[in-house]
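Here is the structure we will look at.
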Amino acid sequence: MTALLTSLAEGFNGSATRRAELDAALEAGLPAARNEAWKYTPLKALERRSFQPAPGVASLADHGLIAHIPAPRLVLVDGRLDPAASDLAGLEAGVSVQALSQLLANGDDQARFLGRRYDKAEEIFARLNGALADEGVVVRLEENARAEAPLHLVFIAQAEQAELAWHLRHFIELRAGTRLQLVEHHLQQGTARHLVNSVAHVHLAAGATLEHARVQAQGDGLTSFLRTDAVLARDARYHRVDLELGAALSRHELNARLEGNNAGLSANGVLLGSGRRHIDTRLGIEHIARDTACELLWRGVGAERSKVVFHGGINIRAGADGTNANLSNKNLLLSANAEIDTQPVLVIDADEVQAAHGATVGQIDQNALFYLRSRGIPAASAQAMLSAAFCSEPLAAVNEQLRAALAGYLRSALEKAGMA
C-alpha cells in the first residue's frame, strides 16, 4: 500500500460500513497510468506523500480574507465549520444551509446521499471520500422557494504546521420550482501543501434553476480532487461556471444526468495553467430524456511549465430524441514548455438530435497581436489583452452580477500569472 493511502487510512473514525468501504478502496489502490481516466494525470509523486488528518476544530485567523464576501455565507476552515466567520443572515424562507457535521449531530435521516458508493477503479478518491468524509455543506430549498441574494460557500486552507488532508461531502437539493444563486470560493492563506478531497451531489427537481459559480484559487502547493454528480429533472436548468485558477494539482470530474424532459445544462469553465500547475477537468454529460440540451464552453491557457488536461464526454442515450448538445474547447498555448491535452468525445444512440463538438490548441493570433502593436501597445500588454479576452467568453453562462464577480477573480489570476 502506498504512503498516501496508509496515511489517509490512519485518519479513519467511522462505522463498520464505512470501514468496509475504506478497505475496498485500499485494496483497489491508486489507478495506474494505463487507466485511461488517469492517463494524463499520473499519481506517482502524490502516492509517495503522507498527510495528517485535519484537527477537529479550526477558526479563521484573518477575517480580512473574506471581507469582500457578503452574507449569507458559510465558511469552512481546514475542512471544519467556522461559526464565527460564517454569517447566514438574510436567508430567505424555505432555504436551509447547514454544515454536514450539524446535520449528522442532529440525527438527520435525510443524509442518505452519504450512502452513495463508487466501484470503478478510477473512482478511488470518491471511494475514499465515502469512507472518510465527516464535514461538508448541505443546502436545501423547499418547494417554490426563491433565493434572491447569492449564497456564498467559502472553503479556506489555512494551517501551516503540517501537511493535512480533509474530506468533504456536499449536497445541494433544489425542490420543484425553486431558484438559487450559489458561489463557491476556494481560497488559501499561506503555502502549505494540503490535500482536499471533495464530492458534491446536486439534485434539481422539476422546474428548478441553479446558477452556480465556483472559483478555485488555492495556493501553489495544494492538491484538490473534486467530483460533482448532478441530476436534472423535467424543465430543470443548471447554469455553471468553473474557474480553475490555483493549486499545484487540481482535478474536477463534473458528471450530469439530464433525466427529465426539457432539462437544460450550461457548464462553462476556464483552466488557467501557469508555473508548474497541473489542471485536469473531466466532463461526463448524459442525455437520457427527450428534448434536453447542453452547452459546454471551455477555455484553457497553458503558460510556463504548466499542464492542462480536458476531457469532454457527451453521451446521448437511446430514446433521448430532440437532444441539442454542443461542446467547444479552445486552448491557448503561451509557452513551448507547457502542455495541453484535450479529448472531446461524443456518443449518439438516439435519432433526431443536434450535436457538435470541437477542440483546438493554438497560439495567439498573430494578426490580432500585430494590430494591437501597430496601435502602439507593447507586446506584453497586447498579449495580456488577448489572453484576457480569450478567457472571458465562458463567464456568459451566469447572470450579470455573478459574471462581474467572476471577472474580478479572473483578472486577478491573470495579473498574478503575468498575463494581464
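What you are looking at is a predicted structure, and each value in this text was computed from that prediction instead of being measured. The basis for the numbers below is simple: all heavy atoms, side chains too, and nothing from hydrogens, waters or symmetry mates.
Judged purely by distance below 3.5 Å, without hydrogens or angles, the side chains of Asn315 and Glu286 never pair a donor atom with an acceptor atom. Looking at Arg73 and His152, their side chains never bring a donor and an acceptor atom within 3.5 Å of each other. For the residue pair Glu135 / Ser101, a side-chain donor-acceptor distance below 3.5 Å is found, with atom types taken as modelled. Between the side chains of Ser59 and Asp82, no donor-acceptor pair of N or O atoms lies under 3.5 Å. If you check the side chains of Arg240 and Asn268, you find no donor sitting under 3.5 Å from an acceptor. Remark: the Glu184 side chain and the His212 side chain contain an N/O donor-acceptor pair separated by less than 3.5 Å. A donor-acceptor pair shorter than 3.5 Å can be found between the side chains of Arg277 and Ser274. Looking only at atom types and distance, the side chain of Glu211 has no donor-acceptor partner in the side chain of Gln181 under 3.5 Å away. Looking at Ser224 and His186, their side chains never bring a donor and an acceptor atom within 3.5 Å of each other. His185 and Tyr409 are linked by a side-chain donor-acceptor pair at a separation below 3.5 angstrom, with hydrogens and angles left out of the test. His278 and Thr41 are linked by a side-chain donor-acceptor pair at a separation below 3.5 angstrom, with hydrogens and angles left out of the test.
Looking at Leu164 and Pro55, their side chains come closer than 4.5 Å, going by heavy atoms from C-beta outward. When side chains are defined from C-beta on, His68 does not count as touching Ile66, because their heavy atoms never get closer than 4.5 Å. Side-chain contact between Thr228 and Val202 is present, with at least one heavy-atom pair separated by less than 4.5 Å. Contact annotation: the side chain of Val361 approaches that of Thr342 to within less than 4.5 Å [non-hydrogen atoms, C-beta and beyond]. Contact check for Leu258 versus His287: side-chain heavy atoms found under the 4.5 Å cut-off. Side chains of Gln102 and Leu81 form a contact here, defined as non-hydrogen atoms less than 4.5 Å apart. Between Glu122 and Glu253 there is no side-chain heavy-atom pair separated by less than 4.5 Å.
Relative orientation of the Phe125 and Phe225 rings is parallel, given thresholds of 30° and 60° on the angle between their planes. Classification of the Tyr118-His201 ring pair by plane angle, with boundaries at 30° and 60°, yields parallel.
Checked by atom type and distance alone, the side chain of Ser335 pairs as donor or acceptor with a backbone atom of Glu304 at under 3.5 Å. A side-chain donor-acceptor contact under 3.5 Å links Gln216 to the backbone of Gln218. Judged by distance alone, with hydrogens and angles left aside, the side-chain atoms of Arg18 form a donor-acceptor pair with the main-chain N or O of Gly130 at under 3.5 Å. Remark: the backbone N or O of Arg214 is not paired with any side-chain donor or acceptor of Asp242 at under 3.5 angstrom. For Gln401 (side chain) and Ala405 (main-chain N/O), no donor-acceptor pair under 3.5 Å exists by modelled atom type.
Among the candidates Thr223, Thr281, Asp280, the single residue satisfying the side-chain hydrogen bond (donor to acceptor under 3.5 Å, both in side chains) test with Arg251 is Asp280.
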Check: residues 22-35 side-chain donor-acceptor pairs under 3.5 Å, at least two apart:
unit_1: Asp23; atom_1: OD1; unit_2: Arg19; atom_2: NE; d: 3.1
unit_1: Asp23; atom_1: OD1; unit_2: Arg19; atom_2: NH2; d: 2.9
unit_1: Asn35; atom_1: OD1; unit_2: Ala37; atom_2: N; d: 3.0

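Closest heavy-atom contact between Gly260 and Ala289: C-CB, 3.3 Å. The shortest heavy-atom contact between Ala165 and Phe51 is CB-CB, 3.7 Å.
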Walk me through whether Glu160 and Thr191 qualify under side chain to side chain contact (heavy atoms under 4.5 Å, CB included). CA-CA 7 Å; Glu160 287 288 342; Thr191 58; 4.2 Å; yes

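A salt bridge is defined here as a Lys NZ or Arg NE, NH1 or NH2 lying under 4.0 Å from an Asp or Glu carboxylate O, and Arg117 with Glu21 meets this definition.
More than 12 heavy atoms of other residues, nucleotides or ligands shown are found within 6.0 angstrom of CG on Asp62.
Among residues two or more places apart in sequence or in another chain, the side-chain contact (heavy atoms from CB on, under 4.5 Å) test is passed with Asp134 by Arg80.
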